[in-house]
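Counting convention: from 1, in listed order, for ligands and their atoms alike. Because the structure is a prediction, the values reported are computed rather than measured.
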Amino acid sequence: MSFFDKIKSLFTKDKKDAAPAPAPAPAPKKGENIIEIKGITKVFDGVTVLDNLSLGIKRGQFVTLLGPSGCGKTTLLRLIAGFETPTEGEIFIEGVPITSIPPYKRPVNTVFQKYALFPHLNVFKNVAFGLKLKKVKDATAKGGERKYTKEEIESKVSRALKLVGLEDYGHRDVNSLSGGQQQRVAIARAIVCEPKVLLLDEPLGALDLKMRKEMQIELKKMHEDLGITFIFVTHDQEEALTMSDVVVVLNDGMIQQIDRPKKIYDEPKNAFVADFIGESNILSGVMEKDYVISFLGRSLPCVDKGFERNEKVDVVIRPEDIKISAGAVGGHFDGKVLTTVFKGTYYEMIVLAADYEFTVQSQTEFRPGTEVSLEIVPDSIHIMKKILTINKHLGSVTGENAVTFCGGEFDIPTAGFEVGDEVIVYVPFDAVELLDDESDGVIGASVTQSLYKGTYYQVQVYTDTDEDFYIDTSDEWDMDDRVGVKIDTAKVRLEKYDPDADAEDKE
Ligand code: ATP
């Protein structure tokens, strides 16, 4: 019997030692949400880690939470598991609000990256731990429920260990097991209580590449066989795309896109998703009119419509969608190959054309120095709204031509405003300058993201007062660089802050 068949059988047979069957619950409807996350905000030490996040997870799906380190994936999982409490919002499992239900009473179980096995307990006792806490309904027992008997626990644990291929390991010290074996113990421990939802927090992160690939296949098959809901956390986009029914892309505590893997890859909703999922050429463009996009000084046909005339947009072109041919023969872009790298099944080339370094993938090799022509068919030009087009911060007028925001005081014309007025400060991306020496700026910050947009970098920094700033710059900055933020205040616009209008916006 295979590893998966064994696991499946845990859920489907050998129920003779189980507690007397409780009254059957109404049959769950196919396609209904087993989990509803409604307006969840989580703040740690004044920092918002999840921001008004809502999400429905359908019964039986393999859902992956994907995003860069620190985006809030684990926090969301821990909220579902009950190890954290939301600052705002509510989570429902099968329609029941769960905030006040302790972790061990929730119909979920968690597999952690670091296994989180109890080092002082052997393998058997590790797996038995959850069962000992669990109560089962029994109409004949006092209060209608009872604990599992010793025999029931022994039987269930033995069976679970057998299912993960560790039947002879019950007596073993968990510290004497390999990483893969420890993760199998963790899985046995998580499924022995028959959860409705299995939460997996980077469960393969500590395994070597070969073991990781094997466990990916095993987990996927296990999900298919068991039919329960899996919520899987990873920052590995390939893992997310190959394993999931649905991928939820997170950044900065906010959902960027929820879709099937292919759609996430083919139709990223914004430049962040395009950049995070796979290789991309990301450029800034202007939607001249329906079906006509302009970027890098060319107007090209596209399949998109419905944008404002001349609206600034992000343009994403996948490297494999660019047709490359020899000779500067008047294609959409003519240029020269700078580098060529063989990637196993294709060549990846950097081509300099229209002052932009295109990444192009092709089965055909073009050597560095070769003159080439690039063609991009309309269907391969993905156009997306810019996430933000201006920085918007709350500030207050502190004097004549003095406005304080983001922890700094700036010299901004305040005609029409009074001292004490709360104002919205609009700062265009090109009005911000980043300085190497943070003491030269008005605000101190750290670089959190840098996206190359064809002719400039769009850099995101996180200020010491916990606010984000976006900057368009020709300079490349590295993640975590400390910088000083200086602002060209002539480009800044003020607007009176209206809390009522702000509340309506949020609704
Ligand atoms: P990774 O992939 O690195 O695990 P993640 O997306 O899972 O990242 P989280 O672990 O959810 O991110 O953390 C999100 C942010 O919340 C981080 O900045 C982290 O430092 C912070 N954070 C998480 N837990 C706590 C805590 N208990 N107290 C304070 N800050 C926390």
Side-chain angles (χ1 to χ4, degrees), residues 35 37 39-55 57 62-89 91 98-99 102-103 108-116 179 183 186 190 197-207 209 212 215-216 219 230-244 246-258 264 270 272-273 275-277 387 444-450 460-469 478-482:
I35 295 185
I37 295 163
I40 286 288
T41 293
K42 180 67 189 173
V43 178
F44 284 118
D45 306 328
V47 178
T48 303
V49 170
L50 294 174
D51 194 359
N52 193 19
L53 188 143
S54 294
L55 171 69
I57 293 176
F62 192 126
V63 176
T64 296
L65 307 178
L66 173 70
S69 186
C71 71
K73 308 179 291 290
T74 297
T75 302
L76 182 54
L77 211 68
R78 289 172 62 79
L79 286 164
I80 298 170
F83 305 132
E84 299 287 355
T85 316
T87 310
E88 273 175 45
I91 298 175
I98 56 164
T99 300
V108 305
N109 232 327
T110 311
V111 180
F112 300 93
Q113 174 179 348
K114 298 207 178 91
Y115 322 130
Q183 196 53 292
V197 180
L198 190 62
L199 307 173
L200 300 122
D201 190 1
E202 304 232 19
L204 313 182
L207 305 179
L209 190 63
R212 190 179 177 123
M215 288 293 283
Q216 280 177 7
L219 272 177
F230 277 29
I231 307 180
F232 184 86
V233 160
T234 184
H235 59 260
D236 180 332
Q237 35 121 335
E238 191 190 323
E239 192 161 273
L241 295 185
T242 51
M243 295 179 74
S244 326
V246 170
V247 178
V248 180
V249 185
L250 290 167
N251 189 32
D252 262 355
M254 285 184 278
I255 293 176
Q256 304 294 315
Q257 187 164 0
I258 309 172
I264 294 259
N270 57 45
F272 170 80
V273 177
D275 185 55
F276 193 68
I277 310 282
I387 308 173
S446 301
V447 173
T448 50
Q449 192 177 306
S450 177
Q460 185 183 352
V461 300
Y462 191 57
T463 69
D464 295 342
T465 49
D466 303 325
E467 295 187 70
D468 288 311
F469 254 104
D478 292 326
M479 285 280 285
D480 299 326
D481 274 353
R482 284 293 303 170

Novice: State, yes or no, whether a side-chain contact exists between Asp478 and Val447 at a heavy-atom distance under 4.5 Å.
Specialist: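 Answer no - side chains too far apart.
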Novice: Treating Ser446 as the side-chain partner and Tyr462 as the backbone partner, does any N or O pair qualify as donor plus acceptor under 3.5 Å?
Specialist: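 A pair under 3.5 Å: no.
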Novice: Below 4.0 angstrom, counting only protein heavy atoms, does anything approach atom 19 (C) of ligand 1?
Specialist: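 There is no protein heavy atom less than 4.0 Å from atom 19 (C) of ligand 1.
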Novice: Does Glu202 approach ligand 1 within less than 4.0 angstrom via side chain, backbone, both or neither, non-hydrogen atoms only?
Specialist: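 The answer is the side chain of Glu202.
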Novice: For ligand 1, indicate whether the residue Val49 contacts it via side chain, backbone, both or neither (heavy-atom separation under 4.0 Å).
Specialist: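 The answer is the side chain.
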Novice: With a 4.0 Å cut-off on heavy atoms, is Gly70 touching ligand 1?
Specialist: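 In this structure, Gly70 qualifies as a contact of ligand 1 - some heavy atom is under 4.0 Å.
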Novice: Does Pro68 come within less than 4.0 Å of ligand 1, judged by its heavy atoms?
Specialist: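 Heavy atoms of Pro68 do come under 4.0 Å of ligand 1.
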Novice: Which of these, Leu250, Leu76, Thr74, has its nearest heavy atom closest to atom 4 (O) of ligand 1?
Specialist: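 Nearest option to atom 4 (O) of ligand 1, by heavy atoms: Thr74.
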Novice: Can a protein heavy atom be found under 4.0 Å away from atom 8 (O) of ligand 1?
Specialist: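 Within 4.0 Å: yes, protein heavy atom nearby.
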Novice: Could you check which of Phe44, Tyr462, Phe83 puts a non-hydrogen atom nearest to atom 27 (N) of ligand 1?
Specialist: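 When every heavy atom of Phe44, Tyr462, Phe83 is considered, Phe44 comes closest to atom 27 (N) of ligand 1.
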Novice: Give, for atom CD of Glu238 and atom CG of Leu66, the distance between the pair rounded to the nearest 0.5 Å.
Specialist: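 Reported value, rounded in 0.5 Å steps: 12.0 Å.
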Novice: Starting from atom 3 (O) of ligand 1, which protein heavy atom do you reach first, and at what distance in Å?
Specialist: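 Sorting protein heavy atoms by distance from atom 3 (O) of ligand 1 puts Ser69 OG, 2.5 Å first.
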Novice: Could you walk me through whether Leu76 and Ile231 satisfy the side-chain contact (heavy atoms from CB on, under 4.5 Å) test, starting with their C-alpha distance in whole Å, then the side-chain angles of each, then the deciding distance to 0.1 Å, before giving a yes or no?
Specialist: CA-CA 10 Å; Leu76 182 54; Ile231 307 180; over 6 Å; no
Novice: Just do the side-chain hydrogen bond (donor to acceptor under 3.5 Å, both in side chains) check on Asn251 and Gln256 with the steps written out, would you?
Specialist: CA-CA 7 Å; Asn251 189 32; Gln256 304 294 315; 5.4 Å; no
